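Just so it is clear, the model here is predicted, and its values are computed rather than measured. First the proteins, then the strands, lettered A, B, ... as listed; each starts at 1.
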Amino acid sequence: MKYWLMKSEPEEASIDDLANAPRQTLAWTGVRNYQARNFMRDGMQIGDGVLFYHSSCAVPGIAGIAEVASTPYPDPTQFDPASPYHDPKASREAPRWVLVDVKLVRKTPLLPLSELRDIPELASLQILAKGNRLSVTPVAPEHWEFITTRLLPA
DNA sequence: GCCAACGTTGGC
DNA sequence: GCCAACGTTGGC
């Protein structure tokens, strides 16, 4: 069992979009960074915990808890010329980009980035590192435990 | 809108 | 394979 933090711009896919999706599940389309892709492709297993993070918005932060709901499979948007995520170098025979499905566990009160920064126990959380831009990052079990039980109790 | 940090591209 | 130029991310 592993834990992850996944960023999404709420204008693209928010925690409410996830809550309102069929089976409260969304395909995590649009990742176009190899490191983030590799985490999904090589690191994730069904049932892994996910912190759903809102980025590039008025108050960035953790907006809910989710879980990995599929094994990795090719991101269909890479094959679609009409999609902003189209990748002309990808083919169905040789897909470049993979994704997983993500399923809502529960929406939480927003836990702002500014608050996360003030918590000593979370100082080494990857999302807080200077210059961090990765949209998918691993979360240490102790960080997961602290966030889900102390900061966002059920 | 600014800008720091980082990833990718492509000429050599 | 180096590295400058360029593009993107994302907080502020």
Within the modelled atom types, does a donor on one side and an acceptor on the other bring the side chain of Arg133(A) and the base of dT8(C) under 3.5 Å apart?
yes

If hydrophobic clusters are built from ILVMFWY residues whose side chains come within less than 4.5 Å, do Val31(A) and Phe52(A) share one?
yes

Rounded distance in Å - CG (Leu134(A)) to C1' (dC6(B))
10 Å

Length of the line joining Gln126(A):CD and dT9(C):P, which is rounded to integer Å
18 Å

Between Asp87(A) and Arg96(A), is the closest basic N to carboxylate O distance under 4.0 Å?
yes

Begin with the C-alpha distance, continue with both residues' side-chain angles, and end with the deciding distance and a verdict on ring pair (Phe, Tyr, Trp, His ring centres under 6.0 Å) for Tyr53(A) and Trp4(A).
CA-CA 10 Å; Tyr53(A) 180 93; Trp4(A) 310 93; over 10 Å; no

Can you tell me the distance, in whole Å, between the CG atom of Leu125(A) and the C1' atom of dG11(C)?
16 Å

Is it the case that the side chains of Thr77(A) and Asp75(A) hold a donor-acceptor pair, with the cut-off being a distance below 3.5 Å and no angle test?
yes

Can you tell me how far the CG atom of Leu134(A) sits from the NZ atom of Lys7(A), to the nearest 0.5 Å?
7.0 Å

Report, one pair per line, the protein and nucleotides 3-5 of chain C atoms (nitrogen or oxygen only) whose separation is under 3.5 Å.
none

Value in whole Å for how far the P atom of dG11(C) lies from CG of Leu128(A)
11 Å

At under 4.0 Å, does any side-chain N or O of Tyr53(A) touch on OP1 or OP2 of dT9(C)?
no

Euclidean distance, atom OH of residue Tyr34(A) to atom C1' of dG7(C) [Å, nearest integer]
15 Å

Rounded distance in Å - CZ (Arg96(A)) to C1' (dG7(B)):
13 Å

With Leu111(A) as partner, the option from Leu51(A), Leu152(A), Val59(A) fulfilling side-chain contact (heavy atoms from CB on, under 4.5 Å) is Leu152(A)

For Thr137(A) and Gln35(A), what are the C-alpha separation, side-chain angles and deciding distance, and is it a side-chain contact (heavy atoms from CB on, under 4.5 Å)?
CA-CA 9 Å; Thr137(A) 50; Gln35(A) 247 185 297; over 6 Å; no

Tell me the interatomic distance from Lys89(A), atom NZ, to dT8(B), atom P, rounded to whole angstroms.
11 Å

Classify Glu9(A) by what it touches in the nucleic acid, base, sugar-phosphate, or nothing, heavy-atom distance under 4.0 Å.
nothing

What is the distance, to the nearest angstrom, from the NZ atom on Lys7(A) to the P atom on dT9(C)?
10 Å

